[in-house]
K.L.:
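Would you mind keeping the following structure in view while I ask a few things?
Since this is a predicted model, take the numbers as computed values, not measurements.
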Amino acid sequence: MLFLVVVGSLVLFVVSEKTPLHFSRTARRAFWYLLSCALFLWLVRWMQSLETLGHLWIMITAVVAASVVEDEYRKKTGLTPMDIEATRALRMRCRSPVGQGHSERIMDIVNAITRGKGYTAGTKQLVSRVSGATKKWQRGLHRILQVASKDELNFIICSVNVAAVLEVANDKTIKMLVGRCDILETVSRAAIVDGLQKIGLRHRWQRQEWARDIILRTTGVQLTYFKAYIDDGGDYHSMYKLMYNDLQWEIREQVEKHIRVQAEGLMRQMRALEIQGPKPPGIVLKILSDVDDTVFSSGGSFPAGVDVRYPRKSYYPGVLALYSAMDRHFARKFGHLLSMLDGGSLATLRNEALNEGDSGVGGVGGVGGDISGDISGETDVSLAAGVAISSNSNEVNVDTGDGTNRTPTIQVPKQSRHMPPASSMPSLRIPVSSLTSLAPPPSPEYFMLGDLRTPREGAYSLAAMNKVGALGAAPAHQEGSNLVLLSARPESYKGLTESESYRKYFEPLVIRGDLDTSPTMLLGSLDSGPKALIKLFFGSSDQFKSKTATDALYQQLATKKLSRFKEYAALYPEATFVYVGDNGQGDVLCAEALANNRDIRSRLMACFIHKVASAMSTLSIFRKHESSSEDIQLLWREKGIHLKKTHLGMARTAYELNLIGIDDLRKIAHSAVGEFSRIAARYEGRHPGRHLEKVAKQDLNPDIFLINSTLKAKGFHSRSLVPLVAVDSFSRDEATFQNRSSDGGPTESGDYMMMD
């Protein structure tokens, strides 16, 4: 019976993730202690022969083991730093010896406060609090953050583990940090809110107010950047989770209103701009993509998908290059609009261009200037108690945190004393050698991020953080995360499976440079299956009638994806979207619903569907007994839904829709050839790769031939054309012959393998 109580308590703890118990570290520790004691009593019944000392030893061991596991898990998966491209770029810009020293001192304080917490079950921290040592360390932390200049404070926030710092800091220190928000760059604000997410926001009213205050102070284009930085964290903490899980009641309503008002103002400003060519339906592009049978193959594993052409978990050739190309093309084509809108108005932009003074608010790369003249309906900002901002944006009245009632005023210099004026910075490109840190490996405790550390090459786009480069220059890619993975997989406890997916599948892609930033994951729920059965047996008023349990399940998954899409679109009213899915499950139903939605349709640039099943077997509201495959595909094209066998076919259509450039099309095709060759080399002659030869002949090569025709029509030299793919030696000889004939000359196949 006691064993059942232990197991039942553990199950209830896991399924009650959103209850106040999970957002209080003391409550969590108490639960694990009680659970370990119950487990101890259960073990005692099986070990009656032990002495009393043995009983005590087992209980202490169980309590310490539970404390160690909870503490180590919290450090490695919960209290992680926000180390993204934007924070690395800011560390590069604001680096100074004083800032580095203060960052190291702060992490020394964090380690001193938290050291041994798990192995002593919190006893060491209790002794430190009673003796006053903890308060002494907290006062030191408060003073460092209070006296730091603007550049130093931004460098510190982007270098330290903010979540770990916020967990050990007292309320007065956090209030003071929020009070100095006006001198923080956008990415620094995002790092603080990310840290608040990781220490727990739900059911913590004061922390939610701090997060709200930071968001309400971020306006205009900088709010768009802020949301993208939150999504770029590389874990399950995202803007979606912040809005629909962490923030509650009227605080959520205030943030939603602020986001909507700022987005409406930006769209009005963009429509008022006088530029050549058509304007996009949004100022940023968000690519929402399914995962299984769209990004990588499911291998036919139910319920993940139905595609057996490729080995399981193999990335489809060209998919990552296509996503990156659409993101970069949009940045090249419309990135200058963000610079024109930055700071709230064109007048503000011109004034900031003439004035090299660093006010910290508004301007090019400033942090959300006052745009009340251009955006009506400003949201009332009600700041948390204890935060006082003077009329001068460079003066912040804060509490000292040392127990006194003094409220000193901190003067922040208008010009950084560590960096030259931004106009003297010649280029955005940062050499890789200067970004490599030779710092020792991190200790088991919390550590400071390696300064300027980055694992890959690239030109950093610093438009959201500084004034580097020519006015209106287009960035290499859009700021922050703009790829959203929309999966039907249910959410897991504390994001365990999501974190593992990031670590296993997507983090290596960012490190290699296949993806510019980390994607955001929006998952389904466990109630999709039961709801599908209820609708199947009791009927439904939906337009699409399910005839089988599988169809009912896929319809419910499509409904959940549609709901997630709409919720995400509400977070980015200023964005335009591209949707990518497959026709093996319910993605086509979701695409049809999006195309029929009045609010989404005007912002939806295209829907691409990966063909992994026949058109007649696709779940669609257009599927009827008298309909043919051609009729259905014609209706889809009229709705902007494009069914393609390969991602090369999607790329060719994307080029026709002006979503990518001609050079992007060529690079995507070359990338697809290399990726398919790698898959073939790995799985040739093995059962998972039994269909690769058929895929090469019937799917990839026809699209490559059409792409080569397009490239030749645009004047590309034969050496720039794309080689056909092959699997075995016989197919390679055949491909060589076709490569020669496709160009009409005796060019060797190896010539086509020249990749830029």
Side-chain angles (χ1 to χ4, degrees), residues 79-96 99-100 102-104 106-107 110 145 148 150-166 177 180-181 183-198 214 218 222 224-235 237-239 242 360 365-367 416 418-419 428 430 432 434-437 439 442 446-466 468 475-482 502 507 510-511 513 515-520:
L79 303 181
T80 54
M82 187 179 182
D83 186 22
I84 62 175
E85 184 182 54
T87 56
R88 291 192 291 266
L90 189 139
R91 291 202 299 269
M92 179 67 180
R93 182 169 67 89
C94 298
R95 180 184 183 183
S96 69
Q100 286 183 295
H102 283 167
S103 300
E104 294 166 359
I106 287 175
M107 294 318 298
V110 173
L145 296 176
K150 174 183 175 180
D151 283 350
E152 290 171 359
L153 185 60
N154 281 284
F155 177 85
I156 289 171
I157 292 175
C158 291
S159 299
V160 302
N161 189 333
V162 178
V165 172
L166 295 180
L177 196 58
R180 303 194 68 186
C181 180
I183 67 171
L184 294 181
E185 306 283 3
T186 304
V187 65
S188 300
R189 300 183 181 194
I192 294 177
V193 175
D194 179 76
L196 290 172
Q197 271 193 290
K198 290 173 179 176
I214 294 175
T218 308
Q222 299 305 320
T224 302
Y225 290 143
F226 174 90
K227 295 181 289 186
Y229 293 146
I230 292 290
D231 287 338
D232 194 20
D235 50 34
H237 298 287
S238 63
M239 194 66 195
L242 175 66
V367 185
S416 170
H418 304 296
M419 295 292 294
L428 287 178
I430 302 172
V432 178
S434 66
L435 296 171
T436 304
S437 174
Y446 298 111
F447 59 96
M448 188 184 75
L449 290 173
D451 186 28
L452 315 181
R453 179 186 60 185
T454 183
R456 59 188 177 91
E457 300 184 13
Y460 285 97
S461 174
L462 312 183
M465 296 167 294
N466 56 25
V468 179
H477 62 83
Q478 297 184 98
E479 290 288 343
S481 176
N482 295 287
Y502 276 114
E507 183 179 349
V510 178
I511 293 176
L515 289 177
D516 292 318
T517 56
S518 297
T520 306

K.L.:
For Asp235 and Lys198: C-alpha separation, side-chain torsions, deciding distance, then whether salt bridge (Lys or Arg N to Asp or Glu O under 4.0 Å) applies.
P.N.:
CA-CA 10 Å; Asp235 50 34; Lys198 290 173 179 176; 3.5 Å; yes

K.L.:
Identify the two heavy atoms, one from Ser188 and one from Cys158, that lie closest to each other, and give their separation to 0.1 Å.
P.N.:
OG-SG, 3.7 Å

K.L.:
Grab the two heavy atoms, one from Ile106 and one from Val160, that are nearest each other, plus how far apart they are.
P.N.:
CG2-CG1, 4.3 Å

K.L.:
Glu479 and Lys227: salt bridge (Lys or Arg N to Asp or Glu O under 4.0 Å), yes or no, with the steps?
P.N.:
CA-CA 10 Å; Glu479 290 288 343; Lys227 295 181 289 186; over 6 Å; no

K.L.:
On a heavy-atom basis, which atom in Ala163 and which in Leu79 lie closest, and how many Å separate them?
P.N.:
CB-CD2, 3.8 Å

K.L.:
Do Arg93 and Glu185 come within less than 4.5 Å of each other through their side chains, counting heavy atoms only?
P.N.:
yes

K.L.:
Could you report the tightest heavy-atom contact between Ser481 and Ser518, atom names first, then the distance?
P.N.:
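Smallest heavy-atom distance, with atoms named: OG-O, 2.6 Å.
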
K.L.:
To the nearest 0.5 angstrom, please state how far the CZ atom of Arg180 sits from the CG atom of Asn154.
P.N.:
9.5 Å

K.L.:
Return the minimal non-hydrogen interatomic distance between Tyr229 and Ala190, and the atom names on each side.
P.N.:
CB-CB, 3.8 Å

K.L.:
At what distance, to the nearest 0.5 angstrom, does CG of Leu177 lie from CG of Leu184?
P.N.:
6.5 Å

K.L.:
Distance from Met107 atom CE to Ile156 atom CD1, nearest 0.5 Å?
P.N.:
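So the gap between those two atoms works out to 12.0 Å.
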
K.L.:
Within the structure provided, determine whether Val193 and Leu242 are in side-chain contact (heavy-atom separation under 4.5 Å).
P.N.:
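With C-beta onward as the side chain, the pair touches.
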
K.L.:
Could you pull out all residues at least two apart from Ala191 that satisfy side-chain contact (heavy atoms from CB on, under 4.5 Å)?
P.N.:
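Expected list: Met82, Ile157, Val162.
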
K.L.:
If I take atom CZ from residue Phe155 and atom CG from residue Leu90, how far apart are they, to the nearest 0.5 angstrom?
P.N.:
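Nearest 0.5 Å value for the CZ-CG distance: 9.0 Å.
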
K.L.:
Got a donor-acceptor contact below 3.5 angstrom from the Arg91 side chain to the Ala86 backbone?
P.N.:
no

K.L.:
Can you tell me how far apart CD1 (Ile230) and OH (Tyr225) are? Round to the nearest 0.5 Å.
P.N.:
16.0 Å

K.L.:
What pairs with Asp232 under salt bridge (Lys or Arg N to Asp or Glu O under 4.0 Å), at least two apart in sequence or on another chain?
P.N.:
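Salt bridge (Lys or Arg N to Asp or Glu O under 4.0 Å) check on Asp232 returns nothing, list empty.
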
K.L.:
Check Arg95 with Glu152, please: is the shortest side-chain N to carboxylate O separation under 4.0 Å?
P.N.:
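No, this pair does not count.
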
K.L.:
Which residues pass the side-chain hydrogen bond (donor to acceptor under 3.5 Å, both in side chains) test with Thr224, not counting sequence neighbours?
P.N.:
Glu574

K.L.:
Looking at CD1 of Ile192 and CD1 of Ile214, how far apart are the two atoms once the value is rounded to the nearest 0.5 Å?
P.N.:
4.5 Å

K.L.:
Quick one, Thr517 with His477, criterion side-chain contact (heavy atoms from CB on, under 4.5 Å). Give me CA distance, side-chain angles, the key distance, then yes/no.
P.N.:
CA-CA 9 Å; Thr517 56; His477 62 83; 4.0 Å; yes

